[in-house]
Amino acid sequence: MKVLDVRSDRDSREFYENLIKESKRQIDIMGVTADRLIDHFADIDGDQERAKVLLRALNKKVKVRILLPEKEYIDSTKSSTFDSVKLKLEKLEKEYPLLEYRYFSYSPKHSIFRIDDTCILGPVFPERQSRDTPAIHFDSSSPFASKYLEHFEHEWENANA
């Protein structure tokens, strides 16, 4: 099944930072709020270089797509960040045309983080932070991963801009 790693959680900033640094073509993200993603890797107003790794990828012409649930589909423990993340995404999209984001209309069930030819897939549990849930790192050509990536494409095409 082309499993590269099984992770007990998704809380390793260094792991994701290195993947983003190594990206060459494409990053696709499907999650719940993208709050941690923006704070850790796309902090356009911050002064920490480490928090700009996604911005550097965009400058290298890496295409970034972020797919999130509409506000009414986010668990109440996470919905408070929706408005602030939306403002940050709007600002990022204006500054970086290769960054796009869209919204889907149902409660999130899984997280997808694709970087070129690999992806990290994991569940979304209500009332639990995504960083505290397990994930599996796959080669994107895996039969298992390819179904999730097909799902991402379908949802991207049908999502609200």
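All figures in this text were calculated on a predicted structure; none of them were measured in a lab.
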Is Lys24 salt-bridged to Asp116, cutoff N-O under 4.0 Å? no
Salt bridge check, Glu14 against Lys21: does any charged N sit closer than 4.0 Å to a carboxylate O? no
Between Lys63 and Asp28, does any NZ, NE, NH1 or NH2 come within less than 4.0 Å of an OD or OE carboxylate oxygen? no
Would you call Glu155 and Arg102 a salt bridge, using N to O less than 4.0 angstrom? no
Measuring centre to centre across the rings, with the benzene-like ring taken for any Trp, is Phe113 within less than 6.0 Å of Tyr16? yes
Under 4.0 Å between a side-chain nitrogen and a carboxylate oxygen: does that hold for Asp117 and Arg25? yes
Taking it one step at a time, do Val32 and Ile74 satisfy side chain to side chain contact (heavy atoms under 4.5 Å, CB included)? CA-CA 7 Å; Val32 179; Ile74 298 174; 4.2 Å; yes
Among Val64, Leu99, Leu87, find the one that has a side-chain contact (heavy atoms from CB on, under 4.5 Å) with Leu92. Leu99
Which hydrophobic side chains are connected to Phe138, either touching it within the sub-4.5 Å cutoff or through other members that do? Met1, Val3, Val6, Met30, Leu67, Phe104, Tyr106, Ile112, Leu121, Ile136, Phe144, Tyr148, Leu149, Phe152, Trp156
Under a 4.0 Å N-O cut-off, is there an ion pair linking Glu153 with Arg65? yes
Salt bridge Asp45-Lys88, side-chain N to carboxylate O under 4.0 Å: no
Salt-bridge present (Asp39, Arg13; N to O < 4.0 Å): no
